[in-house]
A.B. asks: 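One structure is given below, represented as C-alpha cells, and several questions about it will come after.
By convention here, the first residue in the shown sequence is residue 1.
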Amino acid sequence: IEKIVLFLLEQQGQLANRLCDLRQQHDVILQLSNGGSKICELQEAYRGVGHDLLRLLFFVEMNAIGLRKILKKFDKRFGYRFTNYYVKTRANHPYSQLRQVFRHVGIGAVVGAISRNLADLQDHQENYVSIYDQPALSHPDPIVHSIKAAVNKLSNSTNFLEFLGKHAFIMQDDLRSPSEDDVAEQRYHFMSLLLNLVNTFLYMVNTYIIVPTADDYSLSLGAAATVCGVVIGSMAVAQVFSSVYFSAWSNRSYLRPLVFSSIVLLIGNTLYALAYDLNSIVVLLVGRLFCGLGSARAVNRRYISDCVPHKLRMRASAGFVSASALGMACGPALACLFQTDFKIYKLTFNQETLPGWIMAISWLIYLLWLSISFREPPQEIKQDIIPQEARAGTVVNYAVENGITQPLLLSTEPKQGENGDQEYDDGEEESCEKTRKPVTSIVSAYRLLTPSVKVQLLVYFMLKYAMEILLAEASVITAYYFIWSTNSVAIFLACLGLTVLPVNIIVGTYISNMFEERQVLLASEIMVLIGILLSFHIGIPYSIPQYVGSALITFVSAEVLEGVNLSLLSRVMSSRLSRGTYNGGLLSTEAGTLARVIADGTITLSGYFGVAKLLNATLVPSLFICISSIIATCFTYNSLY
C-alpha cells in the first residue's frame, strides 16, 4: 500500500508540474491577438493530462480491487470478516495511507484545474463562463466526465441514498459485466419504473388502509373483534405463495404480471367491499386473499434490479423504500376520511366498505395507465461468445475468491490450441459459470445461507412479527383500554408510518457513519426488547402514555433494525442469490411475510382468552422471539460486518 500511495503522489506531482507549464502557456496565448491554432493545441495538451490522470485512476482502482481480493482470502483463512475491521481502523486514521486512496483530495484539485482551463479555452473570445458561478452554463469536456465517473466508481462513501437503497434489499451482482450494464441501459424506461413505484405505493396503502376498521367490520359481520387478525393476515398468507410465482413470472415478462396483479387486486377489493351487503365473513376473507395473491413486490424489485442502469439503481431503490413508507403512512390516514354512511341502490358506502371501493377504483385507474404507458423491456440475449478480456477477468475473479491455497496472483495467459487459437481452461471457465448461475430451487437457495445469514433472517422475522402485532391489534387494544374512535386509531397509525423516512435519514446520514452496523443492529434489538417489555400490562392501570411510548420505541427501533439488517444481508448473502427466481429479495420477503402470517394468527388465537388478556398473550411470543434473536446475534457477532 505504501508503494502504491507514494507512486500515486509522485504521479500527481508530475501532473501538477505539467499543468503549471500549461498555465504559463495559457497566459501567453491569452495576450495574443490571433492565437486560434495555439488554443486548439493547448486544449489537446490539457486533454492529454486528463488521459494520463484517467490511467492513474485505473491504476489505483486495479490495486484497490487487488487489495480487496487479498483481504477476502484472509477472511476465509481467519473464518470471520477481517476486511471491515481492517478498512474501518485505517480509513479514518490521520496517518493512514488508505486515506489517500479514499479521499481523492489531490485528484480533485487536478480535475478542477483541467476542467476550469478547458472551460476558459472553450469560451475564449471574451465570453468567459465560470465553472463556480454558473456550472449549468459550462460544457465540461468528455475527458472530465470520464475522470469524474472513475473517481465516483473508486469512492466508497456511506450516505442516506445508499442506506435507503440497501433498505430495499435489491441485490447487486458483483460480477456484473459492462455488457450487462449496456443491456440495462437499453431496457430502462422511466415511465415503466414510475409505474412499478406506484404499484409499490398502492399495494402498501391497500395493506394498511383496512387496519383501523378491521375489528368493526368483523363485528358488523357477526364475528369477534379479534378476527381482525385473520382479516389482516389472510392477505399475508396469500402473499407467501404469490411472491414465488410472481418472481418466476418476472423471468419472462414484467408487464403481464403487473396487469394480472392489478386485475386480481381490483377483484379482491371489490369482494372486500361487497362482503358487508352480502353479510358474509367468507367473502371478506376471500377478498383479502385475492389482494394477497396480487402482491407484485417481487416484480417491482426485479425490475429495478434488472432493468435500471447501475448509476440509477441506488436512486430507484431509495424510491422503492420511500414509496413503501409513504403508502404505509397514507393507508391509515385515508381511513380518517371515510366517516360517512350512505347507499346507492343496494350498495352500502361507509367507513368499513369505502376502503375496498376506493382501492378498487385506484387499481382500475392504475390498470388503464399501465396498459397505455408501460413498455415491456426486451428480453436478455445470452451470448455464448465471451470476449477474451472478460473471460480472463472472470477466471481470475473466480480463482481469487475460491482458491484458498492458491497464489494471490494468478496467470491469466491463455493456452494455445492446436490451430493456434487462444483457449482457456474449461474447468475454470465452467466453475466461473457455475458461480454466476442463479439457484433453481428453494432448497439450493437455503444451502447457500451461512449461519450469519440465517441469523439475519431470524432478526428480520422477529422485527416484522413485533411490528405486525403492534399494528394489527392497535384498533382492538385502544378501543378496549382507551375507548379510541376509528379516527384516533388511524391518526396514531399514520403518525407511526410517518416516522419511517426521518428515522432512515438519521440512521443513513449520521448513525451508520459513527458506529459499525453490527453495533447498531444489536443496540436496535435491545431497544425493541425494551419496547416490548414496556408494553406489558402488569399491575398498574394501563395508560395512554405507556402504550404510545412503548409502541413508538418498538416501532422506531424495528425500523432502524430493518434498515441495518437488510444492509448487512445485502453484503453477506451469496452473489448467486442476486438474480433468478429464488433471489435474496424473495427470501427476505418470505421471512417477513411468514412473520406477519404467524403474528396475525397469534392475535386471533389469543382472542379466545378474551380481549382483557389479548395484549399480554400476544406480547409473550414477541418477547421470546426477540430474546432468541439477541442471543443468536451475540453468537454470530464477530461474523457480522
Side-chain angles (χ1 to χ4, degrees), residues 202-242 261-295 327 331-332 334-364 468-469 471-477 479 486 489-490 493 593 596-608 611 614:
L202 287 177
Y203 187 78
M204 292 302 290
V205 172
N206 211 146
T207 301
Y208 290 98
I209 195 172
I210 70 151
V211 172
T213 58
D215 57 334
D216 291 337
Y217 208 161
S218 301
L219 290 170
S220 300
L221 299 180
T226 52
V227 174
C228 69
V230 174
V231 175
I232 297 170
S234 56
M235 190 172 180
V237 171
Q239 191 178 344
V240 172
F241 304 99
S242 66
S261 164
S262 305
I263 294 172
V264 171
L265 282 159
L266 173 60
I267 295 171
N269 282 289
T270 303
L271 290 174
Y272 180 85
L274 290 173
Y276 187 90
D277 293 303
L278 297 174
N279 195 28
S280 172
I281 191 73
V282 175
V283 174
L284 181 73
L285 294 176
V286 170
R288 288 298 286 178
L289 282 171
F290 266 79
C291 290
L293 291 173
S295 171
L334 286 173
C336 298
L337 307 177
F338 302 148
Q339 305 302 308
T340 185
D341 192 353
F342 61 93
K343 277 195 171 186
I344 298 178
Y345 297 108
K346 295 183 179 181
L347 299 178
T348 303
F349 297 88
N350 57 24
Q351 66 176 8
E352 294 154 15
T353 61
L354 274 173
W357 291 121
I358 293 297
M359 291 312 303
I361 294 171
S362 300
W363 285 113
L364 178 60
E468 187 69 12
I469 288 289
L471 297 174
E473 70 178 12
S475 57
V476 179
I477 295 298
T486 300
V489 178
L493 294 177
T593 305
R596 290 174 53 206
V597 170
I598 297 173
D600 293 323
T602 303
I603 294 172
T604 301
L605 291 175
S606 301
Y608 288 104
V611 180
L614 176 66

A.B. asks: Pair L493, Y208 - check side-chain contact (heavy atoms from CB on, under 4.5 Å), show working.
C.D. replies: CA-CA 9 Å; L493 294 177; Y208 290 98; over 6 Å; no
A.B. asks: Under 4.5 Å between any side-chain heavy atoms of Q339 and T486, yes or no?
C.D. replies: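 They are in side-chain contact.
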A.B. asks: Rounded to the nearest 0.5 Å, how far does CG of L354 lie from CD1 of I210?
C.D. replies: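 I210 CD1 to L354 CG: 14.0 Å, rounded to 0.5 Å.
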A.B. asks: By the definition ring-ring contact (aromatic ring centres under 6.0 Å, His included), identify the one residue from W363, F342, F349 that meets it with W357.
C.D. replies: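 The ring-ring contact (aromatic ring centres under 6.0 Å, His included) with W357 is passed solely by F349 among W363, F342, F349.
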A.B. asks: Can you measure from CG (L265) to CG (L364) and round to the nearest 0.5 angstrom?
C.D. replies: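 Those atoms lie 12.5 Å apart.
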A.B. asks: Taking all non-hydrogen atoms of both residues, which atom of F290 and which atom of G268 are closest, and how far apart?
C.D. replies: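 It is CB-CA, 3.5 Å.
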A.B. asks: Let me check something: any side-chain donor-acceptor pairs from residues 228-240 under 3.5 Å, sequence neighbours excluded? List them with distances.
C.D. replies:
| residue | atom | partner | partner atom | Å |
| --- | --- | --- | --- | --- |
| S234 | OG | V230 | O | 3.3 |
| S234 | OG | V231 | O | 2.9 |
| Q239 | OE1 | Y203 | OH | 3.4 |
| Q239 | OE1 | R596 | NH1 | 3.3 |
| Q239 | NE2 | S295 | OG | 3.4 |

A.B. asks: Nearest 0.5 Å, please: how far is CD1 in I598 from CD1 in I603?
C.D. replies: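 The CD1 atom of I598 is 12.5 Å from CD1 of I603, to the nearest 0.5 Å.
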A.B. asks: Looking at A223, is its backbone amide N or carbonyl O close enough to the side chain of S218 to form a donor-acceptor pair, meaning the two atoms are under 3.5 Å apart?
C.D. replies: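 No, because the side chain of S218 does not come within donor-acceptor range (under 3.5 Å) of the backbone of A223.
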A.B. asks: Between G356 and N269, which heavy-atom pair has the shortest distance, and what is it?
C.D. replies: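 The answer is O-CB, 3.4 Å.
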A.B. asks: Less than 6.0 Å separating the ring centroids of Y217 and Y272?
C.D. replies: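 Yes, close enough.
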A.B. asks: Of all the heavy-atom pairs spanning G607 and L614, show the shortest one and how long it is.
C.D. replies: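 In terms of heavy atoms, the two residues are closest at N-CD1, 4.1 Å.
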A.B. asks: Let me confirm one number: the CG-NZ distance from L278 to K346, rounded to the nearest 0.5 Å.
C.D. replies: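 Atom-to-atom, L278:CG and K346:NZ are 11.0 Å apart.
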A.B. asks: With rounding to the nearest 0.5 angstrom, report the OG to CD1 distance, S262 to I267.
C.D. replies: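 It is 11.0 Å, given to the nearest 0.5 Å.
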A.B. asks: When rounded to the nearest 0.5 angstrom, what distance separates CG in D216 from OG in S475?
C.D. replies: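 It is 7.5 Å, given to the nearest 0.5 Å.
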A.B. asks: Under the criterion side-chain contact (heavy atoms from CB on, under 4.5 Å), I'd like the reasoning laid out for I358 against L334: C-alpha separation, chi angles, the key distance, then a yes or no.
C.D. replies: CA-CA 10 Å; I358 293 297; L334 286 173; 5.5 Å; no
A.B. asks: Classify the side-chain pair N350/T353 by whether it contains a donor and acceptor separated by less than 3.5 Å.
C.D. replies: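 Their side chains do contain a donor-acceptor pair, which is all the 3.5 Å distance test asks for.
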